[in-house]
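See below for the structure under consideration.
Remember, it's a predicted structure, so these values are computed and weren't measured experimentally.
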Amino acid sequence: MDENGIFSGLKVLDCASFIAAPAAATVLSDFGADVIKIEPPGAGDPYRNLPNLPGYPISDHNYAWMLEARNKRSLALDLAKPEGKEVLRKLVAEADVFITNFPPPVRARLGVAYADLAPLNERLIYASFTGYGERGEEANKPGFDSNAWWARSGMMDLVRADEDSTPARSVAGMGDHPCAMSLFGAIVTALYKRERTGKGSEVKSNLMANGLWSTSVLAQAKLVGAEFQPRRPRERALNAVANHYRCRDGRWLILSLLNEEKQWPTLTKCLGREDLTDDPRFATKADRHARSIELIGIFDEIFATRDLAEWRKALDGTGLVFGVVGILDDITTDKQLIENEVLVPFESDTTLTINSPIWIEGSTKTRPRKPPGVGEHSDEVLRSAGYDDAAIKALRASGAVG
């Protein structure tokens, strides 16, 4: 058993913001990597301010920062100053991974492009994340997951109730976190390559590419010239046993029966409507599909007679594939999330946070530590890099370090 985590001893510089790139560093930290968050002195990473933006949940806790910055140490460093650049270069020389999502022009101005840092450390893994890739006329274009991942990929257009509904809005971080896993995978692949060659390399990912990957089944259909059908509203879906239904208490569940020939009798029994099993209108799969609108209407009436909890009890253990349309209020009492360590408590606290979604047998994951204040570990990081008290004092006097 690896008690310290599989990445214990790995030094990571998180020189990024909003959200995918820093979240990739968070996953590395979950497995024991020493992650140094580099952020501007004073206010720090602008992402710290996310919960204060209009429309976000109001809380005394900085929930966004708790999630993305756990386990990390903060170095407040002004990279616009020559002294700050020199500190970074010294840290890079000893680092294993450097992560950034600064736009290419900003990287060039601050001296943190791959061409600037790679010569300092031949074993460095330089992880670059952008909105739209690093070539072409949109290479320097800023992007968030709401536009570069969700909207650009076609998902915003596709994921709506029907073709007459307005495009569906995204929610905070819904694309960034899957993208973080892509960048994490790229970093780990490069680390494996380094084990074989001894050399570091540059790895890249972007929101646009990840968005198209997420919608790739339908995108591939378009690429081969498939004929698409208009998206139908739920009440007029083509398959009643692959549809969602509202329960008496207003909650929803979704049926996903792909083997309906075998499962149809089980479903009718669970619904208390065994008379439907041999009803000539719905006796075969073809019959049910041909009369899907009629069957959906019958199911709507049936599901409206019981609360969600009652339907879960009736359907669980039957072999029928169904799911609950979850709401955030469910999370804290979801035993499955707790027992599978999807939700884990912070160190020395009972507050829960969301675990990264991978586990490796025999490698312990770090108990989440609360996120740092701006520059909380500046002196500690600088001393470990060889700066004495006088040098640190001089850096603070220059404004390069906070």
Side-chain angles (χ1 to χ4, degrees), residues 5-7 10-39 45-48 50-51 62-72 74 95-103 125-134 142-153 155 170-192 202-216 341-344 353-360 363 365-366 368-369 371-372:
I6 197 168
F7 290 133
L10 195 76
K11 297 180 180 180
V12 179
L13 302 179
D14 172 2
C15 192
S17 183
F18 279 97
I19 299 174
T26 303
V27 182
L28 291 168
S29 80
D30 288 341
F31 286 96
D34 176 18
V35 179
I36 299 171
K37 177 70 183 180
I38 297 173
E39 53 185 329
D45 185 340
Y47 184 61
R48 289 177 177 269
L50 183 75
N62 191 336
Y63 47 85
W65 191 246
M66 289 170 67
L67 181 64
E68 315 302 351
R70 65 170 180 245
N71 308 332
K72 300 178 183 181
S74 172
D96 294 289
V97 181
F98 179 87
I99 300 174
T100 188
N101 62 354
F102 291 168
I125 308 301
Y126 184 102
S128 169
F129 196 82
T130 59
Y132 298 92
E134 298 183 29
F144 291 103
D145 69 344
S146 58
N147 46 60
W149 182 84
W150 178 244
R152 181 63 170 268
S153 67
M155 282 187 285
S170 63
V171 298
M174 66 182 285
D176 282 310
H177 288 96
C179 290
M181 300 310 297
S182 293
L183 189 61
F184 169 78
I187 292 168
V188 172
T189 302
L191 287 170
Y192 177 71
E202 181 181 18
V203 300
K204 304 173 184 179
S205 191
N206 63 76
L207 290 166
M208 180 180 67
N210 279 275
L212 200 61
W213 181 250
S214 295
T215 193
S216 56
E341 297 183 340
V342 178
L343 296 179
V344 289
T353 190
I354 297 93
N355 208 347
S356 49
I358 53 175
W359 292 263
I360 300 174
S363 184
K365 294 182 81 170
T366 299
R369 299 186 300 273

Minimum heavy-atom distance Gly143-Leu207, with the two atoms named: O-CD1, 3.6 Å

Gap between atom CD of Glu68 and atom OH of Tyr63 - 0.5 Å precision: 12.0 Å

Pro372 side chain near Trp65 side chain, heavy-atom distance below 4.5 Å: yes

Note, Ile187 side chain near Val27 side chain (heavy atom, < 4.5 Å): no

side-chain contact (heavy atoms from CB on, under 4.5 Å) assessment of Ile99 paired with Leu183: CA-CA 9 Å; Ile99 300 174; Leu183 189 61; 4.1 Å; yes

Heavy-atom pair with the smallest gap, counting every atom of Phe31 and Ser356: CE1-OG, 4.5 Å

Glu202 and Ser128 side chains, donor-acceptor separation under 3.5 Å: no

Donor-acceptor contacts, no H, no angles, side chain residues 10-21, under 3.5 Å, sequence neighbours left out:
{"unit_1": "Asp14", "atom_1": "OD1", "unit_2": "Ala16", "atom_2": "N", "d": "3.3"}
{"unit_1": "Asp14", "atom_1": "OD2", "unit_2": "Lys72", "atom_2": "NZ", "d": "2.7"}
{"unit_1": "Ser17", "atom_1": "OG", "unit_2": "Asp45", "atom_2": "OD1", "d": "2.4"}

pair Trp149-Met174: side-chain heavy atoms closer than 4.5 Å: yes

Non-neighbouring partners of Thr130 that pass side chain to side chain donor-acceptor pair (under 3.5 Å), sequence neighbours left out: none

Taking every non-hydrogen atom, the tightest pair across Val203 and Ala186: CG1-O, 3.6 Å

4.5 Å side-chain heavy-atom contact, Phe7 and Leu191: yes

Stepwise side-chain contact (heavy atoms from CB on, under 4.5 Å) check, Trp150 with Val171: CA-CA 10 Å; Trp150 178 244; Val171 298; over 6 Å; no

Side-chain heavy atoms of Phe184 within contact of Leu28, under 4.5 Å: yes

For the student: nearest non-hydrogen atoms of Ile354 and Arg70, plus distance: O-NH1, 2.8 Å

Distance-minimising heavy-atom pair for Asn62 and Pro51: OD1-CG, 3.3 Å

Exam field: side chain Thr26 to backbone Pro22, donor-acceptor pair closer than 3.5 Å: yes

Ser29 backbone acceptor or donor facing Thr366 side chain under 3.5 Å: yes

Any donor-acceptor pair under 3.5 Å from Thr215 side chain to Leu212 backbone: no

Shortest non-hydrogen separation from Ser216 to Trp213 and the atoms involved: OG-O, 2.8 Å

Nearest-0.5 Å distance, OG1 of residue Thr353 to CG of residue Leu67: 5.0 Å

Test: Lys365 and Glu341 ion pair at under 4.0 Å: no

Test item: Asp145 side-chain N/O and Asp176 main-chain N/O as donor-acceptor pair under 3.5 Å: yes

